Colleague: 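Dropping the structure in here first, questions after.
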Amino acid sequence: MPLRLLKIIREQHAKRPSFFFKKPNPRQPPCNAKHRAEWNFSHRRVNLPGGTATPRWKCPNNRLSSPLFMYRSTSCNSLRKEHSGQSVTLAGWVNSRRDHGGVIFIDLRDRDGLTQVVFRPEEHPQVSEAAHGLRGEDVIQITGKVSPRLNGTENSKLATGDIEVIACELTILNKSDVPPFPLDSKLANEDLRLNYRYLDLRRSEMAQNLKTRHRVTKATRDYLDEKGFLEIETPILSNPTPEGARDFLVPSRLNPGSFYALPQAPQQYKQLLQVAGLEKYFQIARCFRDEDLRADRQPEFTQIDVEASFVTESELQSLIEGLLFRVFKETRGVEIPTPFPRMTYADAMDRFGSDKPDLRFGMELKSLTEVFKDTQFKVFRSVLDGGGVIKAINAKGAAEHISKEQLKKWEEWVKTELGAKGLAYIRFKDGEWESPIVKFFTDAEKKALAEIMEFHEGDVLFFGADQWQPASEVLGRVRLRAAELLKLIEDSSALKFLWVVDFPLLQFSPEDNHWAAVHHPFTRPRTEDLHLMESGDYGKIRAVAYDVVLNGVELGGGSIRIHERDLQSKLFGILGVGPEEQQIKFGHLLKAFSFGAPPHGGIALGLDRLVMLLCGAESIREVIAFPKNNRGVDLMTQSPVEVEPRLLRDLAISSTAKKA
RNA sequence: GGAGUCUUAGCUCAAUUGGUUAGAGCGCCGCCCUGUCACGGCGGAGGUUGCGGGUUCGAGCCCCGUAGACUCCGCCA
């Protein structure tokens, strides 16, 4: 371990300068818990022996661990006017320097804040001379006297702005190279920030984000502990999941040719803990999914994972409402209104075109199927004849914000990106209905349309004509984009929570030609829909599943699970998993269910997304200390890397990747 | 796998219709400066315009390819 020499320049009030070197004892941190408790503003300092010419280590090893010598007596955000006159020692980074040739000001930064340090040549010439050489990000330790700032020089922008510390000692603990990007101004490229993440995290904004994250997990643990939940860890090395996302595989050296998988979620384990009779489980669980990344998706992410026995849907929802209340109270200081409104999946899709509707604004989808039931407009006619629907939204006041050219671009966008057949629109400008389709409408249709949509001067209508689901989804996306255009959600501090409930249990997948679980295969069908499993009307079965949504972001989702062996087996069958495959892949679970599994259910919240929203960040990368980029690469460590062939041999695997 | 946007000094960005030696602010280096707080003043260094090719008398700018970053679709709760 390289030991850095530490240059100490110290000067006592008697102006007896001495220069010497010291090194810390790496095995004995100077600030252990016991000594931290003894920090105070009036601790005594001791003179360290020193020579002048030869750099020498003079301080006995145990000196550093003595409470009489510490790196600092307090933090850079703690000193106020009432501490005036006290002698303090601060340690931190040079945030900025203002060198007037004579007097020098340094803003000293640590995790908690800034303190202005003053070097006065007329009082401490040697120390001030050394201070001229200070540069940004140097790590220093200073000792000095807390003084009220001169009249009129207080800085209201700083919490410590009423005081400054007049330095009489300066120790340069470690010089810094010039940082590759400024830490105080506009944000640099994200890849540069990720390359030097340890510097990026020095910025107070990032430090704040990580503090908020800590408070969220702390509040979560406190709250769930109070509610009787046990934090239980589950394996990271587990089995591949047959359904859902791609797994990260881990080869087993001891069992050549066999693989573990990293868990996509602790789903089966948390259910087995219920069978085990632990009754109330939670975990701040790391989850892994090998899928393409997004601003709100990382290959590894964290869930607040909860499962309980003998609970109903509404009990679980109240529990989570209480948790979110606590989290928002302790991080943002706001009291969110509970209980959250409930909306069925069918309602959410029909009115907002989304299973995670953003309720901060209206612009609801309206059905025009009735208006156009006799239409001669060919496009609408064929949709209606095919059992489809006509729906529309009214972007109030959008006419002045969007040109005809832009409207064409929007149409292009829904076609290429959303796979829609088109996007009809009417722009109400200067008393005219500008639209390629209005000429096909009868006067009666126009009148009814205007009435239902409350269509007025300055508005823009968007139409969706398709089967109910795709028509709603496309308009749901247009609704969000229109809200962005109209700046409906900018600067909004609104927090619109809701539960979306009664999700469909199953959805038919045309590509794979079989039914797939919408939530996951352990989700419980609603009792009143059980008969549909017999009749084969699988698409109409509703699940006891619920998502909690905030401002259009899915914070988490859960369900009441199947706890009966036979029902679970039957559902696997519908999903196309035959009895043999069930035994191989889910035998342990089915067997467990046959030993008196209690009714149970749970939920998982996306911690990263939750913290992102609490921090007002645009990406979960802003609330993860060391995230990976778009391609799953950690730019700082270059992970993932190629490995020695020998390592692959040990694991009995080989790579088929083509070398560049 | 696909689409879009972007890539110019250490950082953030300019550069008119394709036209002289590619500029500015910040940062950096040097000198000056005793109450600043994004201190100030003077001076200086710093560029293969991501990379490769093409069109042109002439390319940072136009075209083709390629690499990388970000956003989105597919994928993924």
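Every chain is numbered from 1 and lettered A, B, ... according to where its sequence line falls, protein lines coming before strand lines. Everything numeric in this text was worked out from a predicted model, so none of it was measured.
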Colleague: Quick one: is Q264(A) getting a side-chain N or O under 4.0 Å of the A77(B) phosphate, OP1 or OP2?
Modeller: yes

Colleague: Using whole Å, what does the distance between atom P of nucleotide G27(B) and atom CD of E137(A) come to?
Modeller: 14 Å

Colleague: Taking atom P in both C62(B) and A69(B), compute the distance separating them and give it to the nearest angstrom.
Modeller: 24 Å

Colleague: Mind checking if N189(A) touches a base, just sugar-phosphate, or nothing, with heavy atoms under 4.0 Å?
Modeller: sugar-phosphate

Colleague: What verdict does the salt bridge (Lys or Arg N to Asp or Glu O under 4.0 Å) test give for K356(A) and D547(A), after you've listed the backbone C-alpha separation in whole Å, the side-chain angles of each residue and the deciding distance to 0.1 Å?
Modeller: CA-CA 8 Å; K356(A) 44 178 194 285; D547(A) 279 3; over 6 Å; no

Colleague: With no angle test and no hydrogens, is the base of C76(B) tied to the side chain of R289(A) by a donor-acceptor pair under 3.5 Å?
Modeller: no

Colleague: Answer with base, sugar-phosphate or nothing: what part of the nucleic acid does N629(A) contact at a heavy-atom distance below 4.0 Å?
Modeller: sugar-phosphate

Colleague: Can you check whether H100(A) stacks with the C39(B) base, using ring centres under 5.5 Å and planes within 30°?
Modeller: yes

Colleague: For A59(B), give its Watson-Crick or G-U wobble partner with both distances under 3.5 Å, or none.
Modeller: none

Colleague: Taking only side-chain N and O atoms of R297(A), does any of them lie within less than 4.0 angstrom of OP1 or OP2 on U71(B)?
Modeller: no

Colleague: Look at the side chain of R98(A) and decide which nucleotide, out of A77(B), U36(B), U34(B), has an atom nearest to it.
Modeller: U36(B)

Colleague: Sort out the partner of A77(B) for me: Watson-Crick or G-U wobble, both distances under 3.5 Å, none otherwise.
Modeller: none

Colleague: Counting any heavy atom closer than 4.0 Å, what does H519(A) reach on the DNA or RNA strands: base, sugar-phosphate only, or nothing?
Modeller: base

Colleague: Which one, C75(B), A69(B), A38(B), comes nearest to the side chain of E291(A)?
Modeller: C75(B)

Colleague: U66(B) pairs with which nucleotide, Watson-Crick or G-U wobble, both distances below 3.5 Å?
Modeller: G50(B)

Colleague: Hey, is the side chain of R149(A) pairing donor to acceptor with the base of C37(B) inside 3.5 Å?
Modeller: yes

Colleague: For atom P, what is the distance between C61(B) and U56(B), given to the nearest Å?
Modeller: 16 Å

Colleague: Determine which nucleotide pairs with A45(B), using a 3.5 Å limit on both distances of a Watson-Crick or G-U wobble pair.
Modeller: none

Colleague: Please report the distance separating the P of G47(B) from the corresponding atom of A77(B), rounded so that it comes out in whole Å.
Modeller: 50 Å

Colleague: What nucleotide among U36(B), U71(B), C37(B) has an atom nearest to a side-chain atom of F105(A)?
Modeller: U36(B)

Colleague: Scan I104(A) against the nucleic acid and name what it touches under 4.0 Å (heavy atoms): base, sugar-phosphate only, or nothing.
Modeller: nothing

Colleague: Look at atom CZ of F248(A) and say whether more than 12 heavy atoms of other residues, nucleotides or ligands are closer to it than 6.0 Å.
Modeller: yes

Colleague: Starting at atom CG of L192(A), determine the distance to atom P of C70(B), rounded to an integer number of angstrom.
Modeller: 13 Å

Colleague: Please walk me through it: do R297(A) and E291(A) pass salt bridge (Lys or Arg N to Asp or Glu O under 4.0 Å)?
Modeller: CA-CA 9 Å; R297(A) 253 194 260 161; E291(A) 293 292 348; over 6 Å; no

Colleague: Got a salt bridge between R109(A) and E137(A), using NZ or NE/NH1/NH2 to carboxylate O under 4.0 Å?
Modeller: yes

Colleague: Considering Watson-Crick and G-U wobble pairs with both distances under 3.5 Å, what does C11(B) pair with?
Modeller: G25(B)

Colleague: Choose from U71(B), C11(B), U34(B) the nucleotide whose nearest atom is closest to any side-chain atom of R621(A).
Modeller: U71(B)

Colleague: According to the Watson-Crick and G-U wobble definitions, with both distances under 3.5 Å, which nucleotide is paired to U20(B)?
Modeller: none

Colleague: Distance check, C1' atoms only: C39(B) and G27(B), in whole angstrom units.
Modeller: 16 Å

Colleague: Checking E205(A) against R203(A) for the salt bridge (Lys or Arg N to Asp or Glu O under 4.0 Å) test, could you report, in this order, the C-alpha distance in whole Å, the side-chain angles of both residues, the deciding distance, and whether it holds?
Modeller: CA-CA 5 Å; E205(A) 192 187 331; R203(A) 298 187 305 108; 3.7 Å; yes

Colleague: Distance between the P atoms of U16(B) and U7(B), in whole angstroms?
Modeller: 14 Å

Colleague: With both distances under 3.5 Å as the test, what is the Watson-Crick or G-U wobble partner of C39(B)?
Modeller: none

Colleague: Counting the atoms with a prime plus P, OP1 and OP2 as sugar-phosphate, which does G244(A) contact under 4.0 Å by heavy atoms, base, sugar-phosphate, or nothing?
Modeller: sugar-phosphate

Colleague: From C-beta outward on E554(A), which listed nucleotide comes closest to its side chain: U71(B), A77(B), U36(B)?
Modeller: A77(B)

Colleague: Return yes if the base of C70(B) and the side-chain atoms of R294(A) contain a donor-acceptor N/O pair under 3.5 Å, otherwise no.
Modeller: no

Colleague: As a test of reading the structure: which of C76(B), C11(B), U36(B) is closest to the side chain of P182(A), going by heavy atoms?
Modeller: C11(B)

Colleague: Describe the nucleic acid contact of R481(A) in one word from base, sugar-phosphate, nothing, applying a heavy-atom distance below 4.0 Å.
Modeller: nothing

Colleague: Please report the C-alpha distance between D247(A) and D290(A) in whole Å, then the side-chain angles of each, then the deciding distance to 0.1 Å, and finally whether the side-chain contact (heavy atoms from CB on, under 4.5 Å) criterion is met.
Modeller: CA-CA 6 Å; D247(A) 290 301; D290(A) 188 10; over 6 Å; no

Colleague: Assign E412(A) to base, sugar-phosphate, or nothing according to its heavy-atom contacts below 4.0 angstrom with the strands shown.
Modeller: nothing

Colleague: Crowded around Q638(A) CD? As in, over 12 foreign heavy atoms under 6.0 Å?
Modeller: yes

Colleague: Can you tell me if the side-chain N/O atoms of K409(A) get under 4.0 Å from OP1 or OP2 in G4(B)?
Modeller: no

Colleague: Which part of the nucleic acid, if any, lies within reach of R477(A) when heavy atoms closer than 4.0 Å are counted: base, sugar-phosphate only, or nothing?
Modeller: sugar-phosphate

Colleague: Ignoring hydrogens and geometry beyond distance, is the side chain of D292(A) in donor-acceptor contact with the base of G74(B) at under 3.5 Å?
Modeller: yes

Colleague: Does R135(A) have a side-chain nitrogen or oxygen under 4.0 Å from the phosphate oxygens OP1 or OP2 of C29(B)?
Modeller: yes

Colleague: May I ask you to decide whether R524(A) forms a salt bridge with E313(A), counting only side-chain N to carboxylate O separations under 4.0 Å?
Modeller: no

Colleague: What distance, rounded to whole Å, do you find between the two P atoms, one in A22(B) and one in U48(B)?
Modeller: 12 Å

Colleague: Could you check which of C33(B), C11(B), U36(B) has an atom nearest any side-chain atom of Q116(A)?
Modeller: U36(B)

Colleague: Taking the nucleotide of RNA chain B with the nearest heavy atom to each, does R609(A) or L194(A) sit closer to the 5' end?
Modeller: L194(A)

Colleague: Between C37(B), G68(B), C76(B), which nucleotide gets closest to the side-chain atoms of R631(A)?
Modeller: G68(B)

